[in-house]
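Along the sequence shown, the residues carry numbers beginning at 1. Scope of the values below: all heavy atoms of this structure, side chains included, with no hydrogens, waters or symmetry mates. In each ligand, atom 1 is the first atom listed, and ligand 1 is the first ligand listed. Quick caveat, the model's predicted, so the values are computed rather than measured.
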Amino acid sequence: MLDRGRLSIAAVCVGVAERLIRDSLAYAMERKQFGRPIADFQLVQAMLADSQTEAYAARSMVLDAARRRDEGELVTLEASCCKLYASEMVGRVADRAVQIHGGAGYIADYGVERFYRDVRLFRLYEGTSQIQQLIIARQMIEKAKV
Ligand SMILES: Cc1cc2nc3c(=O)[nH]c(=O)nc-3n(C[C@H](O)[C@H](O)[C@H](O)COP(=O)(O)OP(=O)(O)OC[C@H]3O[C@@H](n4cnc5c(N)ncnc54)[C@H](O)[C@@H]3O)c2cc1C
């Protein structure tokens with residue numbers, strides 16, 4: 001059950017990250033500063049690219065672990081890897097989303113600040129990030145013994 005719950009939360013993290021990236025990209029293409037959309041600025045592009053890369057990595061991890069679980073494999077280690085990585089990833093993506101939105105990211109009108117607060121929960125419940133680290137390391141050690 002915990003493996004399944006951790007995979008579900010990881011999948012939710014991917015979904016929230018993808019929504020935040022979509023909103024951030026749309027805002028960056030619309031918002032103009034210095035006479036140009038802020039999406040033209042390479043430092044903004046770097047934030048978008050980092051978020052896209054991390055969300056893609058998390059999506060790939062979740063799909064791989066879920067497929068293995070569907071095939072009957074025990075995925076305790078993989079589920080914890082997914083929960084740990086995806087929940088930390090979406091925190092970074094939400095932080096960048098606020099940054100890309102500038103002051104608008106801090107006020108309620110755009111909804112980004114709500115995601116920034118809400119995604120903090122994912123690193124806590126169904127086992128904190130530290131607990132996932134313990135599970136992963138213990139699984140590694142157990143597997144190395146056989
Ligand atoms: C909104 C919300 C909904 C929730 N829903 C549910 C639910 O539906 N069902 C349910 O059962 N629970 C639920 N919880 C509880 C949630 O699972 C716990 O809050 C979470 O597991 C962390 O436990 P704790 O709050 O007791 O923190 P603690 O265990 O006190 O942890 C505090 C800190 O110590 C660290 N820590 C603790 N033990 C170790 C250790 N051995 N090694 C290293 N670091 C450690 C933690 O990582 C954390 O940083 C919910 C919590 C929230 C906030």
Are Arg22 and Glu18 within salt-bridge range, i.e. N to O under 4.0 Å?
no
Validation row: Ile135, Arg6 side chains within 4.5 angstrom (heavy atoms)
yes
Please report which non-hydrogen protein atom sits nearest to atom 52 (C) of ligand 1, along with the residue it belongs to and the distance in Å to one decimal place.
Leu121 CD1, 3.7 Å
Can you sort out the partners of Tyr125 under ring-ring contact (aromatic ring centres under 6.0 Å, His included), two or more places apart, ordered by chain and number?
none
Any protein heavy atom sitting closer than 4.0 Å to atom 36 (N) of ligand 1?
no
Do protein heavy atoms approach atom 44 (N) of ligand 1 to less than 4.0 Å?
yes
Counting only heavy atoms closer than 4.0 Å, does ligand 1 sit against the backbone of Leu124, its side chain, both, or neither?
backbone
Closest approach of any protein heavy atom to atom 49 (O) of ligand 1, naming residue and atom
Gln130 OE1, 3.4 Å
Nearest protein heavy atom under 4.0 Å from atom 17 (O) of ligand 1, yes or no:
yes
Do you see a protein non-hydrogen atom under 4.0 Å from atom 26 (O) of ligand 1?
no
Under 4.0 Å between a side-chain nitrogen and a carboxylate oxygen: does that hold for Arg68 and Glu71?
no
Assess whether atom OH of Tyr116 is packed by more than 12 heavy atoms of other residues, nucleotides or ligands within 6.0 Å.
no
From the list Gln133, Arg138, Gln132, side chain to side chain donor-acceptor pair (under 3.5 Å) partner of Ser80 resolves to Gln132
Nearest non-hydrogen protein atom to atom 50 (C) of ligand 1, with distance, is Tyr125 CB, 4.0 Å
Return the residue, atom name and 0.1 Å-rounded distance of the protein heavy atom closest to atom 31 (O) of ligand 1.
Thr128 CG2, 4.8 Å
Residue, atom name and distance, where the atom is the protein heavy atom closest to atom 40 (C) of ligand 1:
Leu134 CD1, 3.9 Å
Closer than 4.0 Å: a protein non-hydrogen atom to atom 6 (C) of ligand 1
no
Heavy-atom contact check, 4.0 Å cutoff: does Glu126 meet ligand 1?
yes
Under 4.0 Å from atom 20 (C) of ligand 1, is there any protein heavy atom?
yes
The closest protein heavy-atom partner of atom 38 (N) of ligand 1 is Ile131 CD1, 4.0 Å
Tell me whether Arg96 at atom CZ has more than 12 heavy atoms from other residues, nucleotides or ligands lying less than 6.0 Å away.
yes
Using a strict 4.0 Å threshold on nitrogen-to-oxygen distance, state whether Arg67 and Asp64 make a salt bridge.
yes
Measure the shortest side-chain to side-chain distance between Val98 and Glu113 over non-hydrogen atoms and say whether it is less than 4.5 angstrom.
no
Checking Arg123 against Ser87: is there a side-chain donor and acceptor pair closer than 3.5 Å?
no
Less than 4.0 Å between atom 2 (C) of ligand 1 and some protein heavy atom, yes or no?
yes
